[in-house]
Protein chains: 2
Amino acid sequence: MTVSANKKKRATPLRAQILDAALHLYSSKGYFNTSIHDIQRSADVAMGSIYNYFAGKEAIARALYDDLLAQMEALVDDVTAKNQGSYAQGRAMIRALFELTEAEPDMVRFILNARHREFLIDEPGICSSKPFEKMRDIVINGMQHGEVRQMDSWLAASLAFGPALRMISLRLDGMVPTALPDSTDELWDMTWAGIKAIR
Amino acid sequence: MTVSANKKKRATPLRAQILDAALHLYSSKGYFNTSIHDIQRSADVAMGSIYNYFAGKEAIARALYDDLLAQMEALVDDVTAKNQGSYAQGRAMIRALFELTEAEPDMVRFILNARHREFLIDEPGICSSKPFEKMRDIVINGMQHGEVRQMDSWLAASLAFGPALRMISLRLDGMVPTALPDSTDELWDMTWAGIKAIR
DNA sequence: GTCTATAAATGGATAGAC
DNA sequence: GTCTATCCATTTATAGAC
């Protein structure tokens, strides 16, 4: 057990410090209203350290984007593994997103509510990202198994997750005063009533 | 009929020219990636003219915002006047929004898909704007008349319009290849199945 | 690796001629 | 009212000491 074995553990607290500060600032004021100097001050590090860990302002945003999207994908994978069928998976997915919104509003704001294409050059758009594809797959599977009515997959995904995503947006904007997770079942049952296969 | 009677008609073509160019640039590249110089070039007017009609870059965005929101409000009023009941009004509303998305994508992008609070200082957020309130009223009225199931009004609005708004977003991002209006009835019938009162 | 001080560039806004 | 040329502040990024 050498000293270098600890390298990964302590690694770079500064890097995480910078990312934390950047996420909070980007989420609250927006990417363009946040100067690299704001991040520097908020993270309580020096200018030089920022450029030691990141190529620049955009690179910080990209690192956040990749990191948070990976976390989100892990969440989707967890939900689909632990639940069977579209109905259960969809509900669990929405509950997880609602809980994440309450626990980590900055993260959800950055992932769901930001216009990444404005600051991450040639980013294909978040809807074609892995976690979003996998959410769509939940509904597509439901169609293949006869659980969900046959329709265009984009339409199906919009019907299934549009209401929940809208609630998250409204909650983050301060319009909805109550915690989201409480309304999961009510929302999902009504959503499901619209898309379930008629038999 | 004096010459000054024509003042309103001709008025200021430059002003409209500037607004048009700004809307297109703001919608395609985003507000912050658009310099006042970009607008000047694109509108083919001089710097001085811009500052003759507007106080600055933000004022242009605010003028657009107010103008487009008023148009949108007129649209909502028209739909509610010409249709009776939540079911018909909701469907007509969504069809109108879908048609608007195809006809004026820049407008819809600017109104629905931009984060105004990042560049319009102390703007209360678009969800508390008149047209959005009136859309919510459509559903609230439905609840009062027993057409729509009783629930929180934000939840009801999200269930009613969340799927449609999501489809618009996906369409504007180039994910949905087909024109939206075609899927109006299919979308609305499934949406309605979820929120209609059980009797 | 971390810091401060500074360079280089961008872009919003203005001055003043016509 | 419209134009060009210019100013000035902000901000990204770097140089070089420690």
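So you know, we letter chains A, B, ... as the sequences are listed, proteins then strands, and number each from 1. For clarity, every value in this text was computed on a predicted model and none was experimentally measured.
Contacts of A:Trp192 classified as ring pair (Phe, Tyr, Trp, His ring centres under 6.0 Å), with partners at least two apart in sequence or in another chain: A:Tyr87, A:Trp188.
Each salt bridge (charged side-chain N to carboxylate O under 4.0 Å, His left out) pair with one or both residues in residues 176-192 of chain B, not counting sequence neighbours, appears once here: B:Arg95-B:Asp185. Applying the salt bridge (charged side-chain N to carboxylate O under 4.0 Å, His left out) rule to pairs touching residues 31-57 of chain B yields B:Lys29-B:Asp38, B:Asp38-B:Arg41, sequence neighbours excluded.
Here the P atom of nucleotide D:dT2 and the CD atom of B:Gln17 are 10 Å apart, to the nearest Å. Following rounding to the nearest Å, A:Phe54 (CZ) and C:dT2 (P) show an atom-to-atom distance of 12 Å. Straight-line distance from the CG atom of A:Asn52 to the C1' atom of D:dA15: 15 Å, rounded to whole Å. In this structure, the CD1 atom of B:Ile50 is 14 Å from the C1' atom of D:dG1, given to the nearest Å.
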Sugar-phosphate or base contact per nucleotide [nucleotides 7-13 of chain C; S, B, -; heavy atom under 4.0 Å]: ----SBB

For residues 153-164 of chain B, tabulate all N or O donor-acceptor pairs below 3.5 Å that involve a side-chain atom, not counting sequence neighbours.
{"from": "B:Ser158", "atom 1": "OG", "to": "B:Trp154", "atom 2": "O", "distance (Å)": "2.9"}

Pairs under 3.5 angstrom only: tabulate donor-acceptor contacts from the side chains of residues 121-129 of chain B to other protein residues two or more places apart or in another chain.
{"from": "B:Glu123", "atom 1": "OE1", "to": "B:Arg62", "atom 2": "NH1", "distance (Å)": "3.0"}
{"from": "B:Ser128", "atom 1": "OG", "to": "B:Pro124", "atom 2": "O", "distance (Å)": "3.2"}
{"from": "B:Ser128", "atom 1": "OG", "to": "B:Gly125", "atom 2": "O", "distance (Å)": "2.9"}
{"from": "B:Ser129", "atom 1": "OG", "to": "B:Ile126", "atom 2": "O", "distance (Å)": "2.5"}

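The aromatic rings of B:Phe119 and B:Phe110 sit tilted relative to each other, their planes meeting at an angle between 30° and 60°.
Of the candidates D:dG1, C:dC3, D:dC3, the closest approach to any side-chain atom of A:Ser49 belongs to C:dC3.
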